[in-house]
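Start at 1 with the first residue, then count along the sequence.
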Amino acid sequence: MVRDTNKHYKFDWITIILFLLLVGFGWLNILSASHTEGHIDYFTFSEPYGKQSIFILLTFCIIIVILGIEAKFYERFSSVIYIVSILFLVGLFIFGKNVNGATSWYAIGSMTLQPSEFAKTATALAVAKHISDLNTNINSFKDQIQTFVIIIIPALLVLLQNDTGSTIVYGAFFFVLYREGLPKYYLSIGVSVIILSVLALKFGPLASSIIASIFILSYYYINRKKMTLFQSLFVLLLSIGLSYGIKLFYDSILKPHQQDRISLWLRLEDDPVKLEEMKRTFAYNLNESEKAISSGGFKGKGFLEGTRTTGKFVPEQHTDYIFSTVGEEWGFLGSSFVVILFILLLLRILHLAELQKSQFSRVYGYGVASIIFIHFLINIGMVMGLIPTIGIPLPLFSYGGSGLWAFTILIFIFIKLDSNKINEW
């Protein structure tokens with residue numbers, strides 16, 4: 001559907017400039033992390049930085065197409081886009097290529113395409129369409145379940161492909177639903193589950209059950225008017241069941257490498273010898289990443305001057321660990337610059353989302369900001385050792401065509417929707 005020439009559009013150039021700065025600075029760090037000694041061929045397909053150059057050029061073609069399509073197309077066909085993305089995810093179980101234990105890619109010649117990256121955009125569109133429907137009331141339990149189903153279907157398909165990192169990103173939609181009026185008790189439940197899970201793993205299910213019992217019974221005696229004895233006992237039984245269920249899930253369902261990552265993060269291993277062995281085996285990337293970042297100091301060692309980067313000490317440094325390159329070569333100043341760029345981008349998108357005249361555009365805008373925020377938070381937290389290692393890229397920064405194109409589509413659909421608000425009543 002081609003753009004109506006009788007309408008007027010005003011694109012938000014602040015968002016576009018922030019996008020270009022992140023993509024450009026990201027490419028410089030990919031070049032630094034992946035180049036070898038000798039001549040630099042900017043468009044070679046034999047090096048990651050050369051491939052990324054081509055991916056960036058194709059990105060501009062994608063932008064032209066997205067901005068050239070009528071804004072209402074994305075709302076009208078959001079359900080179709082969502083269904084197509086689900087079919088692509090299902091197709092991976094038949095035609096998918098296994099890479100590093102995850103069947104998340106389609107092989108296209110020498111290239112691969114990861115549909116789970118694009119499914120996030122499709123889900124954001126579907127959620128926005130459902131919530132903005134006149135018959136939808138987010139305070140209704142029925143509509144809440146329907147919304148959760150829209151989110152859970154792609155998340156479950158991605159999880160079955162052994163891509164836990166991308167699955168976690170779907171939790172970003174909680175922020176969207178909360179903004180649109182999801183009852184506050186969902187937030188309390190979510191925080192409580194996280195705290196109880198950590199306690200159960202760190203101190204054992206019995207200890208976490210005792211702590212939960214003390215807290216719940218104390219709350220009951222202080223707030224008898226808000227909670228009955230029956231409700232208190234029901235919540236208590238759920239908490240005890242969750243404590244033991246989390247421990248069972250950790251011991252029996254999680255794979256060994258996933259257990260080791262959580263164990264290292266929470267320091268669950270008591271044996272110092274085994275702990276050091278686990279660090280060498282499973283936390284090598286993290287240790288090298290932390291060394292690279294700390295070696296950069298305040299100003300950094302300079303572009304292409306990072307010894308740990310050029311020495312290839314950090315595996316996968318041009319992908320998930322790209323931020324360690326920033327830390328070593330650009331130092332605290334460069335790292336702060338990247339963080340500020342992301343914060344400005346997020347704040348700008350949220351600001352524009354609140355200015356939208358249609359609920360669909362506002363909800364989608366919050367979806368865009370939430371997805372970028374979760375990626376940004378987890379990736380940088382992982383690289384700095386603040387959270388367990390989870391393999392997801394830094395948006396617009398990490399190497400990869402699928403990730404770059406998916407985030408481009410995600411952002412520029414919103415830019416198109418925002419540009420159309422001057423044509424809406």
So [X] and [Y], would you call those rings parallel, tilted or perpendicular, with 30° and 60° as cut-offs?
| X | Y | answer |
| --- | --- | --- |
| Phe373 | Phe376 | tilted |
| Phe407 | His375 | perpendicular |
| His318 | Tyr399 | tilted |

State the [atom1]-[atom2] distance between [X] and [Y], to the nearest 0.5 angstrom.
| X | Y | atom1 | atom2 | result |
| --- | --- | --- | --- | --- |
| Ile83 | Phe88 | CD1 | CZ | 13.5 Å |
| Leu113 | Ser104 | CG | OG | 11.5 Å |
| Ile374 | Phe175 | CD1 | CZ | 4.5 Å |
| Ile194 | Leu199 | CD1 | CG | 12.0 Å |
| Ser85 | Leu125 | OG | CG | 9.5 Å |
| Lys51 | Ile54 | NZ | CD1 | 9.0 Å |

So do the side chains of [X] and [Y] get within less than 4.5 Å of each other, counting heavy atoms only?
| X | Y | result |
| --- | --- | --- |
| Leu396 | Ile411 | yes |
| Ile168 | Ile392 | no |
| Ile131 | Leu177 | yes |
| Asn29 | Trp330 | yes |
| Ile246 | Leu196 | no |
| Tyr74 | Ile66 | yes |
| Phe397 | Leu22 | yes |
| Tyr364 | Lys129 | no |

So, [X] side chain and [Y] main chain: donor-acceptor pair closer than 3.5 Å or not?
| X | Y | value |
| --- | --- | --- |
| Glu354 | Leu350 | no |
| Ser294 | Lys291 | yes |
| Ser166 | Asp163 | no |
| Thr136 | Ser132 | no |
| Glu328 | Gly300 | no |
| Glu329 | Gly306 | yes |
| Ser419 | Lys416 | yes |
| Asp143 | Asn137 | yes |
| Asp418 | Phe11 | no |
| Ser32 | Leu28 | no |

Closest non-hydrogen atom pair between [X] and [Y], with its separation:
| X | Y | value |
| --- | --- | --- |
| Leu345 | Ile372 | CD2-CD1, 4.3 Å |
| Thr408 | Leu404 | OG1-O, 2.7 Å |
| Gln52 | Gly400 | OE1-N, 3.0 Å |
| Ala71 | Leu417 | O-CD2, 3.6 Å |
| Phe342 | Pro395 | CZ-O, 3.2 Å |
| Ser232 | Ile216 | O-CG2, 3.6 Å |

Subject >> Centroid-centroid under 6.0 Å between Phe412 and Phe19 rings >> reply: yes
**OP:** Assess the pair Tyr106 and Phe95: is the distance between their ring centroids shorter than 6.0 Å?
**Re:** no
Take a 6.0 Å sphere around [atom1] of [X] and say whether it holds more than 12 heavy atoms from other residues, nucleotides or ligands.
| X | atom1 | result |
| --- | --- | --- |
| Phe215 | CZ | no |
| Phe303 | CZ | yes |
| Phe230 | CZ | no |

**OP:** Could you walk me through whether Val65 and Ile69 pass the side-chain contact (heavy atoms from CB on, under 4.5 Å) test, one step at a time?
**Re:** CA-CA 6 Å; Val65 172; Ile69 295 175; 4.1 Å; yes
In terms of side-chain heavy atoms, does [X] have a donor or acceptor partner in [Y] at a distance below 3.5 Å?
| X | Y | result |
| --- | --- | --- |
| Ser402 | Glu117 | no |
| Gln144 | Tyr186 | yes |
| Ser116 | Gln114 | yes |

**OP:** Please assess Phe173 against Ser370 for the test side-chain contact (heavy atoms from CB on, under 4.5 Å), listing each intermediate value before the final yes or no.
**Re:** CA-CA 7 Å; Phe173 289 102; Ser370 298; over 6 Å; no
Solution key, residues 148-156 side-chain donor-acceptor pairs under 3.5 Å, sequence neighbours excluded:
none

Subject >> From Val338, Leu394, Ile380, residue fulfilling side chain to side chain contact (heavy atoms under 4.5 Å, CB included) relative to Val326 >> reply: Val338
